[in-house]
Amino acid sequence: MTYLEAHLTNRALTFFIENQNSLQNYLEINSIINEVSGLNNFFDTQEEATELLTEIRINQSIVSEPDRREYGDFQTNKTLAFQVAKYVLNKDANIEFLLEPTCGKGNFLIACLSQFKNLKKVVGVEIYKPYVWKTKFEILTYYLANPTFAKPEIYIIHGNAFEFDYSALAKSTRNLKTLVIGNPPWVTNSELGSIDSKNLPVKSNFKKHNGLDAMTGKGNFDIGEFISYTMLKCFEKHDGIFSFLIKNSVVKNIIHDQKINQFRLGHIEKLNIDSKKEFNVSVNACLFLSKLNSEPELICKEYDFYTHEMLTTFGWYKDKFVYSVQDYDESSIVDGKSTFVWRSGVKHDCSKVMELDQVNGHFINALGVEVNLENNLVYGLLKSSDLKGDKTNSFRKLTIITQNKIGQETSYIKTQFPKTYKYLDSHREFFNTRKSSIYKDKPSFSIFGIGKYSFSNYKIAISGLYKSTHFTLVSPKDSKPIMLDDTCYFIGFDDLKMAEIAHYLVNSELVQKFLKSIIFSDSKRSINKDTLMRIDFQKAFESVDFEKAKRKLKELKIEDWEAFAEMVKEDVTEQMTLF
Ligand SMILES: C[S@@+](CC[C@H](N)C(=O)[O-])C[C@H]1O[C@@H](n2cnc3c(N)ncnc32)[C@H](O)[C@@H]1O
């Protein structure tokens with residue numbers, strides 16, 4: 001390919017292909033080029049960089065790549081591979097044996113060959129033949145260009161990481177200081193199942209889940225996780241370093257399972273990378289790095305890869321798996337069992353019919369049709385996105401509540417609320433096509449997440465969809481309680497004063513610190529019933545005194561404070577019966 005009448009060597013072309021996203025900002029690509037070559041101001045203008053980007057895209061569209069989804073194929077760009085190798089080098093420069101179990105196009109191998117000067121043996125394994133060749137050519141080119149550099153014994157093997165005999169390799173390299181480096185495939189066994197791929201380990205239940213867990217999804221694992229475990233099993237007793245680019249979820253699992261596995265990992269680090277920038281994918285991923293052959297550790301220090309800013313230390317602490325050891329240490333006093341039972345909101349799986357807007361006093365359903373209903377069964381409804389403020393008694397949507405408790409007969413609607421019945425009956429097909437088996441053999445128009453608790457006037461609510469740990473106090477509108485949908489969690493009170501105190505406590509510094517210490521910021525649906533049930537209201541209450549609370553709750557009276565004290569002293573099971 002030529003650019004501005006100059007011929008681009010293959011090496012330069014590959015470099016630009018891998019950094020093509022950065023060509024959109026000529027200052028960014030200039031800084032990358034400066035880092036790898038020392039050249040300053042490579043492009044003088046954005047136009048120059050854009051012209052090259054256009055040439056590359058035209059060139060690339062001629063060669064179509066095969067579908068490599070099943071191989072979790074996200075090649076590490078040279079810059080990142082170089083930075084990772086450099087980071088490892090600073091930890092230990094005396095690496096003698098280098099292994100990359102899924103080496104792809106060989107960027108990590110080249111990055112290491114160029115920086116580690118004591119290498120004696122190098123092994124790369126890759127399943128995709130064209131990449132094996134690419135790696136071999138890269139290495140050849142590297143030594144042709146640098147003929148005086150010391151050359152280790154190098155093996156680039158066309159093989160399957162699930163079948164390769166790593167334990168034999170581990171035995172033969174036992175006395176060499178080892179670096180296991182790489183970026184194993186980013187794909188899960190269930191994704192592979194859905195595309196009917198055979199790129200799976202034979203023993204897929206390597207985490208020894210029982211039949212039920214394996215069935216319910218705990219058996220789902222990342223292929224990168226499997227390869228990480230294989231490496232750790234084989235090389236944990238080698239002196240050296242383990243360094244993989246993997247998904248954050250895999251690191252969390254490795255640290256969580258350290259309690260049982262006790263791999264000989266020490267000085268464990270997680271360095272968050274920007275996967276959008278590096279791989280153009282939206283997956284939370286990081287560099288996982290650890291010293292091998294160390295006393296097994298159960299905690300991991302988390303940093304930003306680019307700035308090295310320390311973010312947290314997570315892992316096992318005081319026999320709990322926490323996101324922030326420091327915050328947990330300062331707030332673990334409220335880690336207990338909630339006096340109040342946290343509930344999730346109403347579930348109906350029939351929003352087209354059951355959810356309404358109110359326009360000029362008229363109900364409009366989600367099909368856009370005006371409907372004529374009695375007011376009685378219509379309640380205001382809040383969803384996760386509505387729970388942003390501190391307090392609310394207003395709503396955007398309304399919903400029809402057909403039952404007071406789960407399984408209640410709904411035939412009463414016909415006699416007591418004929419207009420509502422007529423509406424529901426005429427939309428029966430929407431209810432009948434609900435997929436979830438929970439509605440099977442249940443009364444017509446059944447809903448879930450409903451009970452006496454749903455009708456409490458005051459609710460302390462939180463979204464289960466977002467990361468915010470702030471709780472909203474929901475009060476009735478026109479004397480009618482407001483409902484929450486099934487993406488929210490709440491506790492209910494009939495007395496405003498009690499609700500205000502509970503609201504004050506869950507938003508207190510101590511409880512907020514506790515929640516943040518146990519919630520992993522990038523895991524999905526981390527605010528859930530299990531998490532909330534750990535808030536010990538009695539301990540939270542005891543940690544503040546009346547005067548302090550009164551500074552926030554101006555109208556607070558001592559008798560209310562004492563009534564709350566009595567309430568949180570009660571046994572959880574008694575409270576449960578209240579609802
Ligand atoms: C995420 S890419 C990373 C490649 C390379 N390590 C890098 O950092 O650029 C994963 C690589 O694993 C390879 N791969 C996938 N399944 C494999 C298997 N069963 N055995 C060996 N390599 C495999 C893919 O072809 C791909 O090159």
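This one's a predicted model, so the numbers in the text were calculated from it and none came from an experiment.
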- Out of curiosity, Ser517 OG to Asp335 CG, how far, rounded to the nearest 0.5 Å? 7.5 Å
- Indicate the ring-plane relationship of His308 and Phe305, choosing parallel, tilted or perpendicular according to the 30° and 60° boundaries. perpendicular
- Message: How long is the straight-line distance from CG of Leu53 back to CD of Gln46, given to the nearest 0.5 Å?
- Response: 8.5 Å
- Query: Parallel, tilted or perpendicular: which describes the rings of Phe235 and His238, with under 30° parallel and over 60° perpendicular?
  - Reply: perpendicular
- For the side chain of Glu126 and the backbone of Lys105, is there at least one donor-acceptor N/O pair under 3.5 Å apart? no
- Query: Just by modelled atom types, is the Ile17 backbone N or O under 3.5 Å from a matching donor or acceptor in the Gln20 side chain?
  - Reply: yes
- Task: Dump the intermediate steps for side-chain contact (heavy atoms from CB on, under 4.5 Å) on Phe244 and Val250, then the final yes or no.
- Result: CA-CA 11 Å; Phe244 261 13; Val250 174; over 6 Å; no
- Polar side chain donor-acceptor pair, Asp73 to Tyr131, under 3.5 angstrom: yes
- Message: Please verify the inter-ring angle class for His256 with Phe321; under 30° counts as parallel, over 60° as perpendicular, anything in between as tilted.
- Response: perpendicular
- Query: Does a donor on one side chain and an acceptor on the other come within less than 3.5 Å for Asn19 and Ser22?
  - Reply: no
- So, Asn528 and Thr531: side-chain donor and acceptor under 3.5 Å apart, yes or no? yes
- Tested for side chain to side chain contact (heavy atoms under 4.5 Å, CB included) against Phe108, the lone hit among Thr135, Leu80, Thr76, Leu113 is Thr76
- What's the verdict on side-chain contact (heavy atoms from CB on, under 4.5 Å) for Phe74 and Val283, showing C-alpha distance, side-chain angles and the deciding distance? CA-CA 12 Å; Phe74 296 95; Val283 176; over 6 Å; no
- Message: Tell me if the NZ atom of Lys86 is crowded by more than 12 foreign heavy atoms within 6.0 Å.
- Response: no
- Message: Could you check whether Lys121 and Thr173, counting side-chain N and O atoms only, form a donor-acceptor pair closer than 3.5 Å?
- Response: no
- Item | Side chain proximity check, Pro184 to Ile223, heavy atoms < 4.5 angstrom | no
- Message: Please check this pair: side chain of Asp165 against backbone of Ala168, looking for a donor-acceptor N/O pair closer than 3.5 Å.
- Response: yes
- Just do the side-chain contact (heavy atoms from CB on, under 4.5 Å) check on Lys91 and His267 with the steps written out, would you? CA-CA 10 Å; Lys91 300 270 169 196; His267 302 277; over 6 Å; no
- At what distance, to the nearest 0.5 angstrom, does CD1 of Ile139 lie from CD1 of Ile110? 5.0 Å
- Sub-4.5 Å side-chain heavy-atom contact between Tyr303 and Glu269: yes
- Message: So Glu278 and Thr79, do their side chains get closer than 4.5 Å, heavy atoms only?
- Response: no
- Task: Name the orientation class of the two ring planes belonging to Phe314 and Phe520 (parallel below 30°, tilted from 30 to 60°, perpendicular beyond 60°).
- Result: perpendicular
- Assign the ring pair Phe288 / Phe242 to parallel, tilted or perpendicular, where the plane angle (0 to 90°) is split at 30° and 60°. perpendicular
